[in-house]
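Side chains included, hydrogens not; waters and symmetry mates left out as well; all remaining heavy atoms used. Here is how names work: the chains are called A, B, and so on, in the same order as the sequence lines, proteins then strands, and each is numbered from 1.
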There are 2 protein chains.
Amino acid sequence: MLHALLHMAERERPMTSDELAVCLSTNPVVVRRTMAGLREAGLVASGRGHGGGWTLARPLEDLTMRDIYAALGEPMLFQMGNVSESPGCLVEQAVNHALDDAFRDAEAMLIARLGEVTLAALADDFKRRFAEHRARLKPHG
Amino acid sequence: MLHALLHMAERERPMTSDELAVCLSTNPVVVRRTMAGLREAGLVASGRGHGGGWTLARPLEDLTMRDIYAALGEPMLFQMGNVSESPGCLVEQAVNHALDDAFRDAEAMLIARLGEVTLAALADDFKRRFAEHRARLKPHG
DNA sequence: TCTTCATGTAATAATAATAGTTACGAATCT
DNA sequence: AGATTCGTAACTATTATTATTACATGAAGA
């Protein structure tokens with residue numbers, strides 16, 4: 001998704017799902033499905049018909065990785081998802097009790113960090129790396 | 001696995017893979033596969049033939065959840081596994097650069113917490129919950 | 001209005017990862 | 001020898017994710 005948004009930021013006109021699918025080497029329908037979540041969160045807008053496609057709804061400076069995380073439904077950050085669920089099993093309840101705070105703290109910390117990274121900063125860093133990359137390939141150009 | 005170890009701690013004799021499989025409602029071969037990792041880490045021992053089975057190699061007081069985490073091969077704690085991989089993709093490299101420290105810190109924090117929880121403490125907590133559970137079911141017994 | 005282009009979405013298929021099963025060899029005890 | 005139990009390879013089943021197909025809906029332009 002980050003790929004998609006950075007690509008979109010560098011274009012004037014909307015990008016179609018087909019174009020994005022090529023960039024991400026995936027399928028247009030998959031693009032639409034995922035972008036739908038971002039649209040509902042107000043991060044992007046979609047237009048139908050001739051000249052339609054996807055556009056950023058906000059400038060990159062106003063978008064953080066946390067926004068995207070939230071827009072994608074705040075998916076579990078940890079593999080041990082069921083640790084915090086607490087079903088009937090008493091052993092799991094004991095484990096939960098021992099680790100709940102740790103997971104909560106770790107999650108809060110990560111989400112705070114996501115909020116500190118704007119897509120504009122990512123785009124800048126990407127451009128710098130891209131320039132380096134080209135310089136390495138063609139040092140005498 | 002924690003279920004298995006707590007069960008084993010409450011028995012004098014070794015537990016067979018078949019017995020453990022019933023406790024965990026899974027398959028004996030799956031039990032053997034997973035316990036093999038714990039054995040290689042020195043947490044449990046296995047014996048073959050008549051009277052064989054699985055035994056704890058250390059007392060519960062000396063076992064922490066961190067030991068088990070290490071014995072299982074230190075599996076990724078986070079869903080975003082590839083964030084720290086850094087393949088050719090420059091966008092991912094930029095993301096990695098922005099978040100690597102955050103993930104490292106969060107992981108270190110979680111692992112430290114795992115190291116604070118002994119299986120003995122888990123067992124105690126489990127027993128307390130179990131007693132409560134029985135009292136709730138049969139308050140006048 | 002009619003055609004073309006693009007998203008919206010449901011239904012289905014393909015793929016990959018995980019878990020379970022079968023089968024048999026090797027080791028151990030009675 | 002015979003019963004028991006782990007060790008392990010090969011295979012199957014299940015589940016979750018991703019990809020594809022198909023068609024409906026809406027928007028721009030001739």
side-chain contact (heavy atoms from CB on, under 4.5 Å) between V95(A) and D125(B), worked out:
CA-CA 9 Å; V95(A) 174; D125(B) 194 26; over 6 Å; no

Taking the side chain as every heavy atom from C-beta outward, state whether F130(A) and R134(A) have any atom pair closer than 4.5 Å.
yes

What is the first contacted nucleotide of DNA chain C and what is the last, in 5' to 3' order, if contact means an atom lying under 4.0 angstrom from a heavy atom of chain A?
dC5(C) to dA11(C)

Looking at DNA chain C, which of residues 35-47 of chain A put a heavy atom within less than 4.0 Å of it?
R39(A), S46(A), G47(A)

Boundaries of the DNA chain D segment in contact with chain B, non-hydrogen, under 4.0 Å:
dT4(D) to dA10(D)

Measure the shortest side-chain to side-chain distance between I111(A) and L77(A) over non-hydrogen atoms and say whether it is less than 4.5 angstrom.
yes

By a strict heavy-atom criterion of less than 4.0 Å, which residues belonging to residues 3-12 of chain A are in contact with DNA chain D?
none

Side chain to side chain, L99(A) and L110(B), heavy atoms closer than 4.5 Å:
no

Could you walk me through whether I68(B) and L63(B) pass side-chain contact (heavy atoms from CB on, under 4.5 Å), step by step?
CA-CA 8 Å; I68(B) 296 166; L63(B) 284 173; 5.8 Å; no

Applying salt bridge (Lys or Arg N to Asp or Glu O under 4.0 Å), can you list everything that pairs with E74(B), at least two apart in sequence or on another chain?
none

List the steps and the verdict of side-chain contact (heavy atoms from CB on, under 4.5 Å) for T34(A) and L72(A).
CA-CA 8 Å; T34(A) 315; L72(A) 295 176; 4.0 Å; yes

Once rounded to the nearest 0.5 Å, what's the spacing between atom NE2 of H97(B) and atom CZ of R128(A)?
7.0 Å

Answer with base, sugar-phosphate or nothing: what part of the nucleic acid does G53(A) contact at a heavy-atom distance below 4.0 Å?
sugar-phosphate

For DNA chain D, what residues of residues 19-33 of chain A have any heavy atom nearer than 4.0 Å?
T26(A), N27(A), V29(A), V30(A), R33(A)

Could you point out which residue of R32(B), H7(B), E19(B) forms a side-chain contact (heavy atoms from CB on, under 4.5 Å) with W54(B)?
R32(B)

Output the distance between atom CG (D100(B)) and atom CG (D105(B)), rounded to the nearest 0.5 Å.
10.5 Å

T55(A) versus R11(A): any side-chain heavy-atom pair under 4.5 Å?
no

Heavy-atom distance under 4.5 Å between the side chains of L5(B) and M8(B), does that happen here?
yes

Hey, any chance M109(A) and F103(A) share a hydrophobic cluster, counting ILVMFWY side chains that come within less than 4.5 Å of each other, even indirectly?
no

Tell me, do T64(B) and E116(B) make a side-chain contact under 4.5 Å, heavy atoms counted?
no

Under a single-linkage definition using a 4.5 Å side-chain heavy-atom cutoff for Ile, Leu, Val, Met, Phe, Trp and Tyr, are L2(B) and V31(B) assigned to the same hydrophobic cluster?
yes

